[in-house]
Amino acid sequence: MALSSNSSTSQDSREKITIQNVSRSYESTQALADVSFSVAEGEFCCVVGPSGCGKTTLLRAIAGLDDPDGGSILVGGDPVTGPGLDRGMVFQEYALFPWRTVRGNIRFGLDRPACDCPDCEARVRELINLVGLDGFEDAYPKELSGGMKQRVGIARALAVSPEILLLDEPFASVDAQTRDRLHVELLDIWTQTEQTVVFVTHDIDEAVTLADRVVVMDANPGTVRSTVPVEIDRPRQRTAQEFLEYVARIRDELGSPQEVNEASQ
Ligand code: ADP
């Protein structure tokens, strides 16, 4: 699934997600402190930073699953007040129903999960095809590899054609080879759907492979240190000089070697 060059950021600078001065504390921990940035419509934005810098908290707030203490999050200009069909979320640990088949799990993402009308059936088949799981429709999660489970998670999040896809370290639990393949597939899906993507990771290579723009976060408290536009045509080669320069630049932004090692593991 080769992907041609895509520079949606420069093509479309309309703001889809606007994060303004967002703060969130848990008892004595300030997870997010005055976080502000925006994501353009159709942009692939990666958020990178060390463990505990508030990446998941931020993503959950965009999804409407968590309520910040201060600031605001706008989606398409409207404040986020809770979850919505305009935002699909993919979780790190798959979050599949073990008692449902691939088809049943994906079907659950539809706005009418119990409906078996021809349109809903066709949509489920289309999603299974999109994520490359043809032939596994009736398999249960325990029969699938990590990569396949995450494909189900992605298909389920895509079921209602959300305008925004939010992914929380979705490939952290799969082997490196599978991860590479899933990167290609995710970029291919993104090209087809033209969705706005926010992808959280602690892996700098992964961020530079995928992103139009990388938001680099700091911990204690969670703040935005910088944003780095990645101006490399796709598909990107990890051994290319300019790729390595972006990785080095983000590693510098992230701080000390010890922090970077933790962030890259
Ligand atoms: P990241 O995703 O970057 O690892 P998180 O958003 O998970 O960071 O967490 C940010 C900080 O908030 C961490 O210090 C974490 O321990 C704390 N935190 C997150 N969720 C909770 C919670 N439900 N209760 C208490 N502390 C939490």
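We count ligands from 1, going down the list as the structure has it; atoms in each ligand are counted the same way.
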Would you say [X]'s side chain and [Y]'s backbone share a donor-acceptor pair under 3.5 angstrom?
X	Y	result
Glu206	Asp180	no
Trp190	Gly42	yes
Arg87	Ile62	yes
Asn105	Phe97	yes
Lys55	Gly49	yes

Nearest-0.5 Å distance that lies between atom CZ in Arg103 and atom CG in Leu133: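 Between atom CZ of Arg103 and atom CG of Leu133 there are 12.0 Å.
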Distance check, rounded to the nearest 0.5 Å: Asp67 atom CG versus Arg60 atom CZ?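 So the gap between those two atoms works out to 11.5 Å.
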One thing to verify: whether Arg14 and Glu41 come together as a salt bridge, which I'm taking to mean a side-chain N less than 4.0 angstrom from a carboxylate O.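 Salt bridge between Glu41 and Arg14, a charged N being under 4.0 Å from a carboxylate O: yes.
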Identify, by atom number and element, the atoms of ligand 1 in contact range of Ala31, meaning under 4.0 Å from any of its heavy atoms.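 What qualifies from ligand 1 is 10 (C), 11 (C), 12 (O).
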Go through ligand 1 atom by atom and flag the ones less than 4.0 Å from a non-hydrogen atom of Pro50.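 It comes down to these atoms of ligand 1: 3 (O).
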Would you mind checking which non-hydrogen protein atom is closest to [atom], with the distance to 0.1 Å?
atom	answer
atom 8 (O) of ligand 1	Gly54 N, 3.2 Å
atom 7 (O) of ligand 1	Thr56 CB, 3.7 Å
atom 23 (N) of ligand 1	Tyr26 CE2, 3.7 Å

Specify side chain, backbone, both or neither for Thr29, according to which of its non-hydrogen atoms lie closer than 4.0 Å to ligand 1.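 Within the 4.0 Å criterion, Thr29 contacts ligand 1 through side-chain atoms alone.
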Could an N or O of ligand 1 be found under 3.5 Å from any N or O of Gly52, whether backbone or side chain?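 N/O-N/O distance under 3.5 Å: yes.
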Heavy-atom nearest neighbour of atom 5 (P) of ligand 1 within options Asp168, Thr57, Asp66: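 It is Thr57 that holds the nearest heavy atom.
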Work out whether the distance between some heavy atom of Gly49 and some atom of ligand 1 is less than 4.0 Å.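 Gly49: no contact with ligand 1 (<4.0 Å).
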Under-4.0 Å protein heavy-atom contact, atom 10 (C) of ligand 1: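 There is a protein heavy atom less than 4.0 Å from atom 10 (C) of ligand 1.
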Flag: protein heavy atom within less than 4.0 Å of atom 16 (O) of ligand 1: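 So atom 16 (O) of ligand 1 lacks protein heavy-atom neighbours under 4.0 Å.
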